[in-house]
Amino acid sequence: MIIKVCGIKYNDNLKEIATVDIDMIGINFYKLSSRFAEHIDVTYLPSHISRVGVFVNAGMTEILNYKDQYNLDLAQLHGEESPGFCDELAAHIPIVKAISVRELQDLNRANLYSSVKYLLFDTKTSQHGGSGLKFNWDYLDQYKGDVPFLLAGGIGIMDAGELLSIQHPQFAGADINSRFEIEPGRKDVNLIRDFVSRIKNKNL
């Protein structure tokens, strides 16, 4: 199972988290976010941890500039980006497209984004992620698409068992954020390490 830690803005914290057995780090480049990583130094990251730039309704040029500056492996789009925009951007960088979910019918939008590498099912709020709130995970059974998905939205350490029980063929991993925070943008590394152990070692 992929484990992605999202929304880190402090270099000392990033350096600590880079020692944990995770798969992806989300670096928030949305300037209105409390987790905006204005002065982040990604040279701390080992090569096996994928660098995911998080954007909200950013333009193509902006995303590609960040891609080059930070050597991004993926671009996570958390706004109202169109399928056509994703098709065009996917020629330059693999995409994680966030789908905001409150009601079952919200999942229907996922079928429009066939060119992305991953979908990210997150709870619909005005904050563009990081709300600490869950949507109804039973809705996932209704997703019949071919694109693998990551699950986000209010995931905490006590959700490890439920995550391991998900049998959906396209479930690829979990995206953790606010429930592992000391403050916005600063994560509790020991809590993340415990969560990773529960997931990777099934040590519940």
Side-chain angles (χ1 to χ4, degrees), residues 2 4-15 17-18 22-101 106-131 145-153 172-173 175-178 184-187:
I2 293 169
K4 175 175 173 282
V5 180
C6 198
I8 297 156
K9 64 185 286 188
Y10 300 104
N11 288 317
D12 60 332
N13 196 216
L14 179 65
K15 190 173 183 179
I17 291 170
I22 61 172
D23 305 286
M24 297 179 177
I25 287 277
I27 306 162
N28 195 323
F29 296 121
Y30 178 49
K31 293 180 181 179
L32 298 182
S33 171
S34 60
R35 300 176 181 91
F36 173 49
E38 185 173 10
H39 303 295
I40 203 73
D41 180 1
V42 296
T43 58
Y44 293 127
L45 289 177
S47 59
H48 69 273
I49 298 179
S50 296
R51 305 172 182 188
V52 184
V54 180
F55 304 93
V56 178
N57 299 323
M60 183 80 62
T61 300
E62 179 182 353
I63 294 171
L64 294 180
N65 284 342
Y66 274 110
K67 171 187 178 290
D68 293 339
Q69 182 178 352
Y70 291 92
N71 195 22
L72 299 178
D73 298 296
L74 301 107
Q76 178 175 316
L77 307 183
H78 227 293
E80 289 74 49
E81 298 87 2
S82 70
F85 180 85
C86 291
D87 292 345
E88 186 177 353
L89 182 62
H92 303 279
I93 185 172
I95 295 171
V96 181
K97 179 66 183 89
I99 303 295
S100 299
V101 180
D106 293 327
L107 281 175
N108 294 335
R109 292 189 64 243
N111 297 317
L112 302 174
Y113 296 92
S114 59
S115 64
V116 304
K117 184 168 184 177
Y118 297 104
L119 295 164
L120 175 73
F121 294 136
D122 197 2
T123 306
K124 181 182 285 187
T125 71
S126 61
Q127 300 176 39
H128 300 288
S131 68
D146 296 326
V147 178
F149 68 86
L150 304 174
L151 182 58
D175 183 320
I176 62 174
N177 192 343
S178 59
R186 184 177 294 279
K187 304 298 190 278

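Computation of the quantities below employed the complete heavy-atom set of this structure, encompassing side-chain atoms and omitting hydrogens, waters and symmetry-equivalent molecules.
Here the CZ-CD1 distance, from Phe55 to Ile27, works out to 9.0 Å after rounding to the nearest 0.5 Å. Gln76 contributes atom CD, which lies 14.0 Å from atom OH of Tyr30 (distance to the nearest 0.5 angstrom). Taking CE of Met24 as the reference point, atom CG of Asp175 lies at 9.0 Å (rounded to 0.5 Å). Atoms CZ and CD1, from Phe149 and Ile99 in turn, are 12.0 Å apart once rounded to the nearest 0.5 Å. Rounding to the nearest 0.5 Å places CZ of Phe29 at 11.0 Å from CD1 of Ile63. Taking CD1 of Ile25 as the reference point, atom CG of Leu74 lies at 13.0 Å (rounded to 0.5 Å).
In this structure, Asp122 and His78 have side chains that are in contact, with non-hydrogen atoms separated by less than 4.5 Å.
Under the 3.5 Å distance criterion, the side-chain polar atoms of Asp23 are left unmatched by any main-chain donor or acceptor of Lys4. Between the side chain of Asn57 and the backbone N or O of Glu80 there is at least one donor-acceptor pair closer than 3.5 Å.
Scanning all heavy atoms of the two residues, the minimum distance from Cys86 to Lys97 falls at SG-CD, 4.0 Å. Heavy atoms only, all atoms of each residue included: Met60 and His92 are closest at SD-CD2, 4.4 Å. For Ile22 against Val5, the heavy-atom pair with the smallest separation is CD1-CG2, 3.9 Å.
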Run the side-chain donor-acceptor check on residues 110-119: report pairs under 3.5 Å with partners two or more places apart or on a different chain.
| from | atom 1 | to | atom 2 | distance (Å) |
| --- | --- | --- | --- | --- |
| Tyr113 | OH | Glu81 | O | 2.6 |
| Tyr113 | OH | Arg109 | NH2 | 2.9 |
| Ser115 | OG | Asp87 | OD1 | 2.6 |

Can you list, pair by pair, the side-chain donor-acceptor contacts under 3.5 Å of residues 36-51, counting residues two or more places apart and other chains?
| from | atom 1 | to | atom 2 | distance (Å) |
| --- | --- | --- | --- | --- |
| Asp41 | OD1 | Thr43 | N | 3.1 |
| Asp41 | OD1 | Thr43 | OG1 | 2.6 |
| Asp41 | OD2 | Thr43 | OG1 | 3.2 |
| Arg51 | NH1 | Tyr70 | O | 3.0 |
| Arg51 | NH2 | Val42 | O | 3.2 |

Item to complete: Please report the C-alpha distance between Leu64 and Leu89 in whole Å, then the side-chain angles of each, then the deciding distance to 0.1 Å, and finally whether the side chain to side chain contact (heavy atoms under 4.5 Å, CB included) criterion is met.
Response: CA-CA 9 Å; Leu64 294 180; Leu89 182 62; 4.0 Å; yes

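By the 6.0 Å contact criterion, CG on Asp12 is enclosed, its count of non-hydrogen atoms from other residues, nucleotides or ligands being greater than 12.
Residue pairs that meet the salt bridge (charged side-chain N to carboxylate O under 4.0 Å, His left out) test with at least one member in residues 52-76, sequence neighbours left out, do not exist here.
For the residue pair Asn177/Lys187, the side-chain donor-acceptor check at 3.5 Å is satisfied.
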